[in-house]
Amino acid sequence: RRNNSLGLGSEVRLSAKTSLVVEGRRSTDTYDQNQQVDGVDLAATLNRRSDRGTVDARVRLTPLTTFVVRADAVQDRFDNDPTRDSDSVAVTPGFEFRQGAAITGEAFVGMRRFAPLNGALPGYTGVVAKVQAEAVMRATRAVVRVGRDLSYSYEPRQPYYVQTDAGLELTERITHTWDVVGRTGWQQLDYRKLATALDLPARTDRSWQFGGGIGYRVGGSLRLGFDIDGVLRGKYMGREKFFSALEKGFGFCDVVLGWDSNDQLYDNVKLTGWHTAYPDANVRVLPQTCRAVPLDRKSTRLNSSHRT
């Protein structure tokens, strides 16, 4: 994937504490013709040009805290699939906290209106958010992350999804040089399908991340540590699909065997990769692993294993 962008912006001071920031940017996303996932040509579905205009109204409340109202307008135009063309507008008020405040980072929550140009693709009007905040309380450091927005999918008949992320990381300093860290996260992808895809069931993918580690600090800026992370990734099925999968198995994209816990693809992997187009692998359900899903009483989880 290649991303090229060009932007131009300016800041206008309205008063000692108030300013207006205006920015315009054009970007292109381009995939090679031979790049495929699950048999889908990524260039055919995802190559696009995006024009974005952003206006920030900023008010400095204190030397360390700024209140911002951000208005954002985006036009997406796809090279090979005009069904995906859309216009989008978002307004997200929020706060920015500079280093030295009790909380550092940023917190924005607002609304987005996503309007496809083709009536076959459903629109979206709802909450979007971007929160990345850090607080230090004596020997404890807490980092909170929350995100919610739209992203495009490579699936031809499920062109985009609403992505919701939440995460928490806690670091406790045991001594002046040793610390322990624990982290957890949750992600949900709520896919939106074409109006003509009547045969496709509603699709929501969820995953949970867990991790931790121990570290030794050398000086004021270097940390040597051992960390381990794991991901529980799920695929939701309807009743009929599940009973069929018990008997015959089901397909699950084998890209999960070719990336790490941060969804970064491995290099030089023979099992799967761009050379195999990340096909669906046959998976069998393990009934003996039936468990309740944490924080989701309406669902039941069963582990699965790739057939070899």
Side-chain angles (χ1 to χ4, degrees), residues 65-70 72 74 88 90-99 101-114 124-137 140-155 158 160-172 179-192 202-213 215 225 227-237 252-253 255-256 259-265 291-303:
T65 305
T66 302
F67 175 66
V68 182
V69 177
R70 178 166 297 157
D72 181 74
V74 184
S88 178
V91 178
T92 51
F95 294 90
E96 295 178 348
F97 308 99
R98 297 178 59 186
Q99 199 72 31
I103 298 175
T104 60
E106 62 180 11
F108 287 87
V109 179
M111 299 290 292
R112 179 177 297 280
R113 181 179 182 273
F114 176 81
Y124 170 84
T125 300
V127 176
V128 293
K130 182 182 180 182
V131 178
Q132 183 77 31
E134 175 182 333
V136 178
M137 299 159 285
T140 304
R141 173 177 171 266
V143 178
V144 176
R145 171 182 53 82
V146 178
R148 181 177 172 87
D149 212 335
L150 308 185
S151 293
Y152 287 105
S153 163
Y154 68 85
E155 300 278 2
Q158 295 171 321
Y160 76 96
Y161 52 83
V162 182
Q163 178 173 331
T164 306
D165 294 279
L168 173 65
E169 179 178 292
L170 294 175
T171 304
E172 182 73 19
D179 65 44
V180 293
V181 59
R183 65 182 68 89
T184 184
W186 172 82
Q187 182 183 81
Q188 174 175 292
L189 308 181
D190 184 10
Y191 285 80
R192 304 304 167 94
R203 176 183 174 185
T204 301
D205 293 349
R206 294 186 177 94
S207 67
W208 292 261
Q209 302 90 34
F210 308 93
D227 291 78
I228 185 169
D229 291 280
V231 178
L232 175 63
R233 211 177 286 274
K235 178 173 183 175
Y236 278 69
M237 291 184 178
F252 199 94
C253 184
V255 69
V256 297
W259 62 22
D260 62 17
S261 59
N262 291 318
D263 295 350
Q264 298 300 307
L265 296 173
R291 299 288 189 277
V293 175
L295 306 179
D296 190 349
R297 296 181 179 180
K298 296 182 180 180
S299 302
T300 301
R301 172 179 65 85
L302 292 93
N303 291 346

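This is a predicted model, so every value here is computed, not measured. Position 1 is the first residue of the sequence, and the numbers go up from there.
For the residue pair P93 and G110, the shortest heavy atom distance occurs at CD-CA, 4.2 Å. When every heavy atom of V109 is checked against every heavy atom of A129, the shortest pair comes out as CG2-CB, 4.1 Å. Residues A135 and I103 approach most closely at CB-CG1, 4.3 Å, considering heavy atoms. Across every non-hydrogen atom of G94 and F67, the tightest pair is O-CD1, 3.3 Å. Of all non-hydrogen atoms in L170 and A142, the two that sit nearest each other are CD2-CB, 3.5 Å. For the residue pair R98 and T104, the shortest heavy atom distance occurs at O-CG2, 3.4 Å.
Side-chain contact check for M111 versus V127: some heavy-atom pair is nearer than 4.5 Å. For the pair Y191/D205, a side-chain contact is recorded, criterion being any heavy-atom separation below 4.5 Å from C-beta on.
Between the side chains of Q188 and R206, a donor-acceptor pair is found at a separation under 3.5 Å.
A cation-pi geometry, defined here as NZ or CZ lying under 6.0 Å from the six-membered ring centre and within 45° of its normal, holds between R70 and F108.
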Go through the steps to decide whether R183 and D227 satisfy the test salt bridge (Lys or Arg N to Asp or Glu O under 4.0 Å), and finish with yes or no.
-> CA-CA 10 Å; R183 65 182 68 89; D227 291 78; 3.1 Å; yes
From CA spacing to verdict: side chain to side chain donor-acceptor pair (under 3.5 Å), T125, R113 = CA-CA 4 Å; T125 300; R113 181 179 182 273; 4.7 Å; no
Would you sort out whether T164 and W186 count as a side-chain contact (heavy atoms from CB on, under 4.5 Å), showing the intermediate values?
-> CA-CA 8 Å; T164 306; W186 172 82; 3.9 Å; yes
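Note that CG of D149 is 8.0 Å distant from OH of Y124, once rounded to the nearest 0.5 Å. Annotation: the span from F97 atom CZ to E106 atom CD amounts to 10.0 Å, rounded to 0.5 Å.
Counting only distance, with no hydrogens or angles, the side chain of R112 and the backbone of S88 share no donor-acceptor pair below 3.5 Å. No donor-acceptor pair under 3.5 Å is formed between the side chain of T66 and the backbone N or O of E96. A side-chain donor-acceptor contact under 3.5 Å links T184 to the backbone of Q209.
Tested against Y160 for a side-chain contact (heavy atoms from CB on, under 4.5 Å), the candidates L150, D190, L189 yield a single pass: L150.
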